[in-house]
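One structure is given below, encoded as structure tokens.
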There are 2 protein chains.
Amino acid sequence: MKQSKRKALEAAGWVVGSAQDFLGLSDADAALIDLKLALSRSLRDRRQRRGVSQVELAKRLRSSQSRVAKMEAGDPSVSMDLLVSSLLVLGASGADLAKAIRGERSKGRHAAA
Amino acid sequence: MKQSKRKALEAAGWVVGSAQDFLGLSDADAALIDLKLALSRSLRDRRQRRGVSQVELAKRLRSSQSRVAKMEAGDPSVSMDLLVSSLLVLGASGADLAKAIRGERSKGRHAAA
DNA sequence: TGACTATATGTCGGATGTGGCATAGTGTCA
DNA sequence: TGACACTATGCCACATCCGACATATAGTCA
């Protein structure tokens with residue numbers, strides 16, 4: 001499952017934007033990663049736009065500044081739950097989330113049925 | 001943070017559809033739960049529509065039937081990562097996810113900035 | 001009736017995400 | 001220059017989530 005892929009990605013150091021099948025990732029795995037990166041970008045965006053510091057956001061989340069930094073860095077150790085929680089705490093609506101998701105690096109096809 | 005709320009919800013037995021502030025949940029907490037329930041419903045929907053059994057889906061996910069059942073039951077022990085992964089494995093696109101998310105029980109307002 | 005399939009629910013050891021802390025880097029202002 | 005705010009990165013103990021398994025229930029077909 002995905003945790004092994006995670007390790008590999010950490011080791012490989014991420015490369016850049018989107019969909020790496022240069023490792024053995026399935027389409028779904030790659031899509032999930034892209035999704036999280038999209039949320040990650042959206043988070044930094046929203047936070048900065050609102051003039052909130054990482055420390056302040058961490059306080060609202062009852063979390064820590066280092067976690068927030070990792071979230072925005074797209075660190076694989078951050079869950080989607082935490083990312084979405086953060087966006088919600090920053091006042092994002094369902095529609096906002098949907099927009100962020102759809103704004104993901106949509107490199108053509110996604111998963112196979 | 002949320003894990004304590006989770007416990008409380010499990011104990012209280014969920015009630016029904018949407019947004020319980022009958023416990024001390026913050027808006028963001030409640031919104032996250034609603035979101036996951038929306039994904040949960042969407043998953044069952046998509047799986048059944050495709051005529052895939054829980055066992056079959058579990059196999060594709062390299063997971064187990066019990067996990068899939070819990071996902072669809074909205075069990076609090078299931079992460080958003082797993083829910084989204086499952087949808088992706090069933091061929092959902094970013095747009096599909098966005099639609100599922102926006103289709104959440106949108107009971108008016110969400111979080112405070 | 002029994003055999004079979006699909007789903008639900010509970011438990012458990014182990015994998016992984018988490019908060020907290022330390023520390024380093026960067027920019028700004030005086 | 002120093003003091004301060006903000007952010008990045010590494011580490012670790014602990015909480016949570018995971019897959020696996022056992023078991024129960026419900027439906028179908030013969």
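First the proteins, then the strands, lettered A, B, ... as listed; each starts at 1. Computation of the quantities below employed the complete heavy-atom set of this structure, encompassing side-chain atoms and omitting hydrogens, waters and symmetry-equivalent molecules.
B:Leu57 has its CG atom 16 Å from the C1' atom of C:dA8, to the nearest Å. A:Asp81 places its CG atom 8 Å from the P atom of D:dC18, with the value rounded to the nearest Å. If you measure from atom CE of B:Met80 to atom P of D:dC18, you get 13 Å, rounded to the nearest angstrom. Between B:Arg60 atom CZ and D:dG19 atom P there is a gap of 16 Å when expressed in whole angstrom units. The separation between A:Leu82 atom CG and D:dA15 atom P is 18 Å, rounded to whole Å. Atoms CE (A:Met71) and C1' (C:dG20) sit 14 Å apart, rounded to a whole Å. Atoms NZ (B:Lys59) and C1' (C:dT5) sit 13 Å apart, rounded to a whole Å. Straight-line distance from the CG atom of B:Leu61 to the P atom of D:dC18: 11 Å, rounded to whole Å.
Here the closest heavy-atom approach between residue A:Asp96 and residue A:Gly91 is recorded as OD2-O, 4.1 Å.
Checked for salt-bridge contact, B:Glu56 and B:Arg47 miss the test: no charged N lies under 4.0 Å from a carboxylate O. Between A:Arg41 and A:Asp45 no salt bridge is recorded (no basic side-chain N to carboxylate O distance below 4.0 Å).
Annotation: side-chain contact (heavy atoms from CB on, under 4.5 Å) contacts of A:Gln65 (sequence neighbours excluded): A:Gln54, A:Val55, A:Ala69.
Side-chain contact between A:Val89 and A:Ser86 is absent, with no heavy-atom pair separated by less than 4.5 Å. Using a 4.5 Å heavy-atom cutoff, the side chains of B:Ile33 and B:Leu37 are in contact.
Proximity of B:Ser79 to the phosphate of D:dC18: a side-chain N or O atom is located under 4.0 Å from OP1 or OP2. Between A:Ser63 and the phosphate of C:dG19, there is a side-chain N or O to OP1/OP2 separation shorter than 4.0 Å.
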query = In B/S/- notation, 5' to 3', how is nucleotides 3-13 of chain D contacted by protein heavy atoms closer than 4.0 Å?
reply = ----BBBBB--
